[in-house]
Amino acid sequence: MTAKATTSRMLTPLVSVAAFGDVAVFALFVFAGRAEHGIIQEAAFWRTALPFAAVWFALSPWLGAFRTSTLTSARASAWRIPLIWLLCGVIAVVLRVWLTDRTFQLTFALVAIGVQAVMLVGWRVAFSLVSRRIFGTT
């Protein structure tokens, strides 16, 4: 079996787990916000998580968030994910304002982008360290 075939077979579960974890980050952010603010509307989940997840999954693969080097290197994750997220987060906030017909709130934008950045980077760095051990990638 060639090195390319082996890498390709390993990439599919890596991407799947990373994507699942990213979705969990967006969901956790919304659930934490709901708990903090006492919001019980189910629509709050969709109006907050959906724009962030949609923009992340539309743009981040093209920007390198799911490259093998990002998925298996803590160093690559630590610098790529925040840069990719900054762009995606800003676009997601604008999309959220447009879709929900709400006014732009700078405080929400800063908190949403900042908190989710910390969560995404933390998750992805931890994932890269574990994935190196499990899959033996370098």
Is there a donor-acceptor pair closer than 3.5 Å between any side-chain N or O of Thr72 and the backbone N or O of Ser131? no
Quick one: pull up CZ in Phe52 and CH2 in Trp56 and give me the separation to the nearest 0.5 Å. 12.5 Å
In this structure, would Leu110 and Val93 fall into the same cluster of hydrophobic residues linked by side-chain contacts under 4.5 Å? yes
Passes side-chain contact (heavy atoms from CB on, under 4.5 Å), Val97 versus Thr103? Steps please. CA-CA 6 Å; Val97 167; Thr103 59; over 6 Å; no
Considering only distance and modelled atom types, tabulate donor-acceptor pairs under 3.5 Å from the side chains of residues 77-90, sequence neighbours left out.
residue	atom	partner	partner atom	Å
Ser77	OG	Thr70	O	2.5
Ser77	OG	Ser73	O	3.2
Arg80	NH1	Ser69	OG	2.7
Arg80	NH1	Thr70	OG1	2.5
Trp85	NE1	Ile113	O	2.9

Given the rule that I, L, V, M, F, W and Y join up when any side-chain heavy atoms are under 4.5 Å apart, are Val23 and Val25 in one cluster? yes
Sequence neighbours excluded, the answer for side chain to side chain contact (heavy atoms under 4.5 Å, CB included) partners of Ala74 is Val125, Ser128, Leu129
Considering non-hydrogen atoms only, spot the tightest contact between Phe127 and Ala18 and give its length. CE2-CB, 3.9 Å
Any pair counted as salt bridge (charged side-chain N to carboxylate O under 4.0 Å, His left out), so long as it reaches residues 105-123, sequence neighbours left out: none
Single-linkage hydrophobic cluster Ile91~Leu106, side-chain heavy atoms < 4.5 angstrom: yes
What's the spacing between Leu14 CG and Arg67 CZ if we round to 0.5 Å? 15.5 Å
With sequence neighbours excluded, residues passing side chain to side chain contact (heavy atoms under 4.5 Å, CB included) with Ala27: Phe31, Phe45
What salt bridge (charged side-chain N to carboxylate O under 4.0 Å, His left out) pairs are there with at least one residue in residues 86-96, not counting sequence neighbours? none
Sort and list the pairs that fulfil ring-ring contact (aromatic ring centres under 6.0 Å, His included) and have at least one residue in residues 98-122, not counting sequence neighbours. none
Which residue pairs pass the salt bridge (charged side-chain N to carboxylate O under 4.0 Å, His left out) test with at least one member in residues 13-29, sequence neighbours excluded? Asp22-Arg124
Full working for side-chain contact (heavy atoms from CB on, under 4.5 Å) between Leu120 and Phe26: CA-CA 9 Å; Leu120 275 171; Phe26 300 127; 4.3 Å; yes
Side chain to side chain contact (heavy atoms under 4.5 Å, CB included) with Val115: which residues, sequence neighbours excluded? Phe29, Val111, Met119
List the residues meeting side chain to side chain contact (heavy atoms under 4.5 Å, CB included) with Val94, not counting sequence neighbours, and say none if there are none. none
